[in-house]
Amino acid sequence: MSMLTTRWFAFVTVEDRAGASAALTGVFSERGVSFGSISTLDVHGGVGTLSVEFSASERLAQVLVRTLERLAVVRSVTLVHVEDPRVRAVAVICCPPPEIDLPGVSAWTEDVDGEPTTILRGSLPAIEAAVAELREAGSPPAAVTVLPPRL
């Protein structure tokens with residue numbers, strides 16, 4: 001296994017109860033791994049899904065998964081390499097998008113009570129490139145999240 005540090009996403013299905021997020025973050029903290037991002041994706045019927053972005057070697061990523069799977073609150077863990085083509089993302093900006101080229105990104109804007117909101121959808125690399133351009137153009141996103149792959 002490579003000792004190279006790469007980006008990963010862990011999609012963790014957990015029971016919706018007090019301490020679940022703390023248990024997850026403790027696993028990463030105890031191993032000296034920080035997050036690029038952590039997001040709550042969906043919570044329904046007593047179960048929630050968290051998206052955790054982090055950088056680690058493949059070996060450490062596998063150790064993290066095995067450790068997470070042993071937590072009482074965790075039901076499942078799906079580990080996905082950042083370059084996996086199944087990784088999709090969305091970004092939300094609270095304005096119409098500026099006139100910039102967004103290859104590989106679909107965008108739609110809805111105006112509610114005079115306040116436009118734009119949703120961008122595409123592959124993770126396409127969304128990351130679009131977000132970088134939007135920041136440069138003065139339209140930073142209000143939110144960016146990564147969607148779990150359909151397995």
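Atom set for the values below is all heavy atoms of this structure, side chains included, hydrogens, waters and symmetry mates excluded. Just so it is clear, the structure is predicted and the values come from calculations on it, not from any experiment.
- The minimum heavy-atom distance between Asp111 and Pro116, with the atom names listed, is OD1-N, 3.9 Å.
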Name every donor-acceptor pair, under 3.5 Å, that has one atom in a side chain of residues 13-26 and the other anywhere in the protein, sequence neighbours excluded.
unit_1	atom_1	unit_2	atom_2	d
Thr13	OG1	Ser76	OG	3.3
Glu15	OE1	Arg17	NH1	3.0
Thr25	OG1	Ser21	O	3.2
Thr25	OG1	Ala22	O	3.1

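- Both Phe28 and Val74 sit in one connected hydrophobic cluster of ILVMFWY residues. Membership requires side-chain heavy atoms under 4.5 Å apart, directly or through other members.
- The closest donor-acceptor contact from the side chain of Asp84 to the backbone of Arg86 lies under 3.5 Å.
- Alongside Val92, the hydrophobic cluster contains Trp108, Ile119 (criterion: ILVMFWY side chains under 4.5 Å).
- Applying the side chain to side chain contact (heavy atoms under 4.5 Å, CB included) rule to Ser29 yields no partners; only residues at least two apart in sequence or on another chain are considered.
- For Glu136, the side chain to side chain contact (heavy atoms under 4.5 Å, CB included) test picks out no residue, with sequence neighbours left out.
- With sequence neighbours excluded, the residues that form a side-chain hydrogen bond (donor to acceptor under 3.5 Å, both in side chains) with Thr6 are Trp8.
- By the side-chain hydrogen bond (donor to acceptor under 3.5 Å, both in side chains) test, Ser37 pairs with Glu53, sequence neighbours left out.
- Leu147 pairs by the side chain to side chain contact (heavy atoms under 4.5 Å, CB included) definition with Arg88, Val90, Thr145, not counting sequence neighbours.
- You'll find the side chain of Leu134 reaches within 4.5 Å of the side chain of Leu120, heavy atoms only.
- Residues meeting the ring pair (Phe, Tyr, Trp, His ring centres under 6.0 Å) test with Phe11, sequence neighbours left out: none.
- Qualifying side chain to side chain contact (heavy atoms under 4.5 Å, CB included) partners for Val65, counting only residues two or more places apart in sequence or in other chains: Glu69, Val77, Leu79.
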